[in-house]
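To start, the structure itself, in C-alpha cells.
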Amino acid sequence: MAKKEKVQEMFNGIAPKYDLLNHLLSMGIDKSWRRKAMKVVGAGPKDLVLDIACGTGDFSIEALKHGVKRVVGADISENMLAVAREKAKAKGLSDQFDFQFGDSENLSFDSNTFDAVTVAFGVRNFEHLELGLAEMCRVLKPGGKVVILEFSTPEHFPMKQLYNFYFKHILPFVGGMISGNRKAYEYLPASVFAFPQGKKFLDIMRDAGYTNVSQQRLTFGIASLYEGEK
C-alpha cells in the first residue's frame, strides 16, 4: 500500500478521537501554535486561503479569527472532512468554508488563486514532499504567502531527551489506548523523526519555488513555523 493510502486509512480511522488526542497529547499547546501561525496569515491579503491537510478544520476555523474571509479546506480523509463540516455548521460558519477532498500533489485549483496557503502538521505526510510544495506554490497568487506548522525535534538537553522519551513511549501508549489504533500513534513520532527539518526543509521550499523562506522554532523546538512567499 502506498504511503498516501496508508495515511488516508489511518486518519479515517482516528477521526472521531483526533481533536481530543491532539489537545491532550500536546497539553493544549497546539492551540497557541495555530494562533501564532494565523497571525502571520492575517497580516497579509486574506480574502481567500487554502488550508491543505485541513483535517478536522481547527486551523481553518482559526483563520476566520484573524480576518480571513473565506477558507477552502482540502484533505484526503473524508472522515476528517466530515468532522470539519460539522464543526463549521455548529458554529454557524458553513458559508465561509468549503471543505473538500483534495490531494496536495494534484490540486484541482487554477494557478494564482489563493492569497495564502496553510498546512498544519500535514506536510510530513505528503507522499512526495517536493511535488506537494510545488503544487501549493502554483495555486498561490504572486506575492502570496505559505505558512506551514510542523512538528520538529528539540536540539538541546534536557528537552531533547524528555521529548524523545515522551514521543516514543508515552504518546503511542496513550494515543493507542484512547483511539484504539496504536499504530497511528507509532507512525506520528516515526514520521517526525524522518522529516527533513530546519535548513533542509527551507532548501526544499526554495527548490519548490518559494522566496524569503524562514523558520521559527516554537516551545523549545517541539514545533516549527515555516514561512515563504511566491
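Nothing fancy with the numbering, it's 1 onward along the sequence.
Taking the six-membered ring where the residue is Trp, F97 and F99 present parallel rings, their angle staying beneath 30° rather than reaching 60°. Using cut-offs of 30° and 60° for the angle between ring planes, the F121 and W33 rings count as tilted.
The neighbour count for F173 CZ, taken as heavy atoms of other residues, nucleotides or ligands under 6.0 Å away, does not exceed 12. Residue F220 places its CZ atom among 12 or fewer non-hydrogen atoms of other residues, nucleotides or ligands, all under 6.0 Å distant.
A side-chain N or O of K87 and one of T56 form a donor-acceptor pair less than 3.5 Å apart. Looking only at atom types and distance, the side chain of Y187 has a donor-acceptor partner in the side chain of N125 under 3.5 Å away. In this model, no donor atom of one side chain and acceptor atom of the other lie less than 3.5 Å apart for S224 and E150.
Taking the six-membered ring where the residue is Trp, the centroids of F195 and F201 are separated by under 6.0 Å.
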**Study point:** Test side chain to side chain contact (heavy atoms under 4.5 Å, CB included) applied to I204 and L133, step by step
**Key:** CA-CA 8 Å; I204 294 170; L133 290 172; 3.7 Å; yes
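Considering only heavy atoms from C-beta on, T118 stays 4.5 Å or farther from L50 through its side chain. Under the 4.5 Å side-chain criterion, counting only non-hydrogen atoms from C-beta, K145 is not in contact with V41. You'll find the side chain of E105 reaches within 4.5 Å of the side chain of E127, heavy atoms only.
Here the shortest heavy-atom pairing between G73 and L81 reads O-CD2, 4.3 Å.
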